[in-house]
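Worth saying up front: this structure is predicted, and the values here are computed from it rather than measured. Counting starts at 1 for both ligands and their atoms, following the listed order.
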Amino acid sequence: MNMERNQAGDWRSCLRRVTPYVPGEQPKEQNIIKLNTNENPYPPSPAVVQSLKQMDPVRLRLYPDPSCGTLTKALADYHGVGTDQVFVGVGSDDVLAMAFITFFNSDRPVFFPDVTYSFYPVWAELFQIPCECKALDESFRIRSEDYYKANGGVIFPNPNAPTGLVEPLSFIEDILEHNRDVIVVVDEAYIDFGGQSALPLLARYENLLVTRTYSKSRSMAGVRIGYAIGSPELIRAMQDVKYSFNSYTMNQAALELGAAALADEAYFKMTTDRIVATRNAAVRRLTEQGFHCLDSAANFVFATHPQYDGEKLFAYLRQHGIYVRHFNGPRISQYLRITVGLDEEMERLYETLERAYGSL
Ligand code: PMP
């Protein structure tokens, strides 16, 4: 008998223990105003609805194309890059997880901001990647000089979340200049609502990976489509990891609907323009009510009220059927992250907040 074996009952020591990411609530009740997970308040494009209606159910009998050919080609054409520069996944969460496991394999720590997308530290822990959080400055900006030191890779969203603050292309380029020997991932989940994309920098930096999602600007969070664009060498490395894990990540419906969405640029432009207008109005209205709002380039507003406790405001709104996001983390516990909804939903938010001030 092998005495090295675990003692009876000791199987628990073999479990992988991680602190999971906590997604925003998806309430079951009807008539909720849902401003808590940065979904798009408008439906997907009519081109997507049409494609769904025309879908051939018999096709579901077969495995989907593992290379995601149609969607990859549509994305490559849309962005003016080669098909060998596009990787698609089940939402950008899947794409980002693949990027972590593919690119962050150094003894040196991966750098990302302390206030950022809270999934980054979760993947670092899951894949046992050393990481170091770099504190944002007092106005919640990323300090580029923090990223000059030797590291095992860099990742940040632009615009950042949950702050909504965007950095210019010169900032991204500065980070890339100082990190030529590692992979730099720019998570552009919210770029369609403001700011300049880092995509033009791909021509000069083969260590840059840009990730995008259909969940926000394309109103398709429920379909789960994300993608990355990078040099053929980076994309090939991600494909190799994907095929070592699960060849068929994208289902047939997602592949078809994702390609259909790209054909309707007019609808995309109209809905993103509307969200930007509603967001700018929200910053004005909330500021009039005494909130301090960060300068958002995303489809949400990050705001704090100097007279009212963030958690109490969150609870009051929730009680009155309006879900926003509140994070209990250091530095941000007095803030609410409010997703931009329809104009009428935002009116309900402003009215409900006015009532909260009278009763808190
Ligand atoms: N990056 C950032 C910064 C996000 O806020 C989100 C949304 N939770 C994602 C990536 C992932 O979005 P999805 O998986 O829906 O594409």
N/O donor to acceptor pairs below 3.5 angstrom from side-chain atoms of residues 243-250, sequence neighbours left out:
| from | atom 1 | to | atom 2 | distance (Å) |
| --- | --- | --- | --- | --- |
| Y243 | OH | P66 | O | 3.1 |
| S244 | OG | D240 | O | 2.5 |
| N246 | OD1 | Y248 | N | 3.0 |

Any chance CZ of R61 has more than 12 other-residue heavy atoms, nucleotides or ligands included, within less than 6.0 Å?
-> no
Step by step, work out the side chain to side chain donor-acceptor pair (under 3.5 Å) result for N251 and Y63.
-> CA-CA 8 Å; N251 69 65; Y63 282 111; over 6 Å; no
Check ligand 1 against the protein and report each N/O to N/O distance under 3.5 Å, formatted as atom name, atom name, distance.
| from | atom 1 | to | atom 2 | distance (Å) |
| --- | --- | --- | --- | --- |
| ligand 1 | 1 (N) | D187 | OD1 | 3.3 |
| ligand 1 | 1 (N) | D187 | OD2 | 2.7 |
| ligand 1 | 5 (O) | Y190 | OH | 2.6 |
| ligand 1 | 8 (N) | Y117 | OH | 3.1 |
| ligand 1 | 12 (O) | S92 | OG | 3.4 |
| ligand 1 | 14 (O) | S92 | N | 3.2 |
| ligand 1 | 14 (O) | D93 | N | 3.0 |
| ligand 1 | 14 (O) | D93 | OD2 | 3.3 |
| ligand 1 | 14 (O) | R224 | NH2 | 2.8 |
| ligand 1 | 15 (O) | S215 | OG | 2.6 |
| ligand 1 | 15 (O) | R224 | NH1 | 2.7 |
| ligand 1 | 16 (O) | S92 | N | 2.6 |
| ligand 1 | 16 (O) | S92 | OG | 2.7 |
| ligand 1 | 16 (O) | T213 | OG1 | 2.5 |
| ligand 1 | 16 (O) | S215 | OG | 3.4 |

ring-ring contact (aromatic ring centres under 6.0 Å, His included) pairs touching residues 339-360, sequence neighbours excluded, are H305-Y357, Y308-Y357
Which atom pairs, one a donor and one an acceptor, fall under 3.5 Å between side chains of residues 220-238 and the rest of the protein, sequence neighbours left out?
| from | atom 1 | to | atom 2 | distance (Å) |
| --- | --- | --- | --- | --- |
| R224 | NH1 | S215 | OG | 3.3 |
| Y227 | OH | H79 | NE2 | 2.7 |
| S231 | OG | E206 | O | 2.9 |

Counting only heavy atoms not in D84, do more than 12 fall under 6.0 Å of its CG?
-> yes
